[in-house]
Asker: 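The structure that follows is given in the form of structure tokens.
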Amino acid sequence: MPTTWNRSPEEFHKIYVANTEAFYRLGRAELAPEMDEFMTKCALGLWSRAGGINQRHVDMANQIYSRGQKQPQWLLWTLTSSVCENDVFLPPVFYWNLAESDAKRGTETSRTFIRMLTNILLYLAAVDDDVTMAEAEYITECADRLTAVCDTNGVRKSREALNPLDYVTSAEPSFTDKHPPQVQTSGGETKADVKEEAPEEKKPSLEELMEQLDELVGLDEVKKDVKSLINLIKVRKLRQENDLPVPPMSLHMVFMGNPGTGKTTVARLVGGLYAAIGVLSKGQLIEVDRSGLVAGYVGQTALKTQEVIKSALGGVLFIDEAYSLASGGENDFGREAIETILKAMEDHRDDLIVIVAGYSGPMEKFINSNPGLQSRFNKYFFFPDYNGELLLAMFRMRCEKNGYKLTAESDEAAKKLFDEMYEERDDNFGNGRDVRNRFEDMVVRQSNRVAAMEAPTKDDLMAVLPEDFLDEDEKE
């Protein structure tokens with residue numbers, strides 16, 4: 001395991017293949033597709049602990065594929081949007097089957113897998129020359145949970161595993177920062193700090209993005225409004241191409257609704273859709289709140305906000321809880337951020353879309369607090385709470401995606417649970433976030449139940465029973 005990272009993405013692929021093929025030689029080559037998908041999810045979980053995704057991470061993620069398998073084509077914005085969905089580590093179904101087989105045969109393939117996974121994740125953590133404590137702890141968590149599966153099934157002990165905490169590095173500048181690459185010029189001299197131009201990213205098509213929009217649970221009116229807006233813009237462009245007049249039009253938006261209602265997801269799709277029809281040059285989503293825009297001293301807020309705007313050029317700047325920028329009084333630095341954003345919306349009106357979001361009431365007051373905001377934001381999208389039926393649909397999708405099956409009884413229990421959740425909702429109701437939390441709680445309870453079984457089958461590993469929705473005190 002190297003202490004500094006100076007390998008290309010292609011070299012990492014060779015490392016990945018060498019590790020996985022040693023595992024496949026143990027007779028598990030049929031696991032290659034599931035292995036690659038699982039390794040990618042682990043990489044996303046790892047990088048979520050590292051504080052964000054950059055192009056280097058994208059390049060590495062595109063090298064996670066076994067020999068003979070199709071190479072993935074991650075883009076920066078798609079990889080970034082997938083990170084938050086993979087920050088919770090769950091042992092996959094194929095690993096439970098692997099441990100069960102080892103227990104019957106007296107082999108230790110599943111424990112070998114743990115060492116292989118740890119080694120690969122340590123390489124991925126070192127992609128920026130710095131293995132943080134958070135990254136090391138995540139790798140340890142992965143290894144510990146897989147080890148618990150082995151222990152539950154009685155798989156015999158293997159050789160000592162790697163300890164990720166041994167690879168935590170200092171916070172000094174990275175190897176590549178201290179030693180920038182030297183490039184030979186035509187005159188024979190060497191030139192530092194020459195950055196290689198990254199290959200152009202392939203953007204999803206308009207049709208693909210519209211399919212993603214249609215697949216979202218609920219939000220029928222929002223989907224309808226987005227589609228109407230896209231049609232309007234397409235016709236405007238056609239009129240321009242035919243030298244016909246088009247009236248002035250602001251494309252900035254206000255998203256109003258409670259947490260967990262899909263505002264960020266739709267904003268990300270809007271950025272991609274605008275790029276697909278040529279309104280934006282890139283289509284990336286930059287998400288911030290007050291803390292990402294406002295500094296603590298006079299003059300610093302404008303600089304901080306300008307840096308955020310710079311990163312959003314060509315795409316969408318999504319400001320969550322935007323009303324907090326105007327809630328501090330006349331001398332609050334939030335107003336400086338607002339003025340800086342308004343100026344940028346004018347200066348970059350051809351390649352920047354700003355979407356402000358938050359609770360409905362505060363957002364109306366926010367827009368009405370400044371004439372500049374009123375004139376630039378005239379498209380309002382309301383995101384309603386999900387009712388019990390839609391919450392259940394989201395829960396079913398999570399179960400299916402993660403390899404869990406609801407019995408008829410557990411489906412009925414889930415329906416009752418989400419109907420009550422909706423009917424009894426208060427100001428803290430989290431919508432989709434509550435569904436995610438309920439799913440993760442269910443997984444923990446189901447895992448505890450299955451772990452207590454003597455020899456759980458594949459069906460046992462996938463089955464969700466009504467008691468998996470209840471805490472011990474709720475069962476009594």
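These values consider heavy atoms only, across backbone and side chains, with no hydrogens, waters or symmetry-generated copies.
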Asker: Using the ring centroid of each side chain, check whether Phe366 and Phe377 are separated by less than 6.0 Å.
Answerer: no
Asker: Asp151: what forms a salt bridge (Lys or Arg N to Asp or Glu O under 4.0 Å) with it, not counting sequence neighbours?
Answerer: Arg111, Lys157
Asker: So, for Phe255 and Phe383, is the gap between ring centers shorter than 6.0 Å?
Answerer: yes
Asker: Check whether Tyr422 forms a cation-pi arrangement with Arg425 (NZ or CZ under 6.0 Å from the six-membered ring centre, at most 45° off the ring normal).
Answerer: yes
Asker: For residues Thr457 and Asp460, is any side-chain donor paired with an opposing acceptor at under 3.5 Å?
Answerer: yes
Asker: Checking side-chain polar atoms at under 3.5 Å, does Asp36 have a donor or acceptor matched by the opposite partner on Ser66?
Answerer: yes
Asker: Anything under 30° is parallel, anything over 60° is perpendicular, the rest tilted; go ahead and classify His13 against Tyr65.
Answerer: parallel
Asker: Please list, chain by chain and in numerical order, all residues satisfying side chain to side chain donor-acceptor pair (under 3.5 Å) with Ser291, sequence neighbours excluded.
Answerer: Asp289
Asker: Please name all residues satisfying salt bridge (Lys or Arg N to Asp or Glu O under 4.0 Å) with Lys415, sequence neighbours left out, ordered by chain then number.
Answerer: Asp419
Asker: Is the CD atom of Glu10 crowded by more than 12 outside heavy atoms at less than 6.0 Å?
Answerer: yes
Asker: State which residues pass side chain to side chain donor-acceptor pair (under 3.5 Å) with Lys416; sequence neighbours excluded, sorted by chain then number.
Answerer: none
Asker: Applying salt bridge (Lys or Arg N to Asp or Glu O under 4.0 Å), name anything that partners Asp220, two or more places apart in sequence or on another chain.
Answerer: none
Asker: Got a salt bridge between Glu141 and Arg145, using NZ or NE/NH1/NH2 to carboxylate O under 4.0 Å?
Answerer: yes
Asker: Excluding sequence neighbours, so at least two apart, what forms salt bridge (Lys or Arg N to Asp or Glu O under 4.0 Å) with Arg67?
Answerer: Glu21
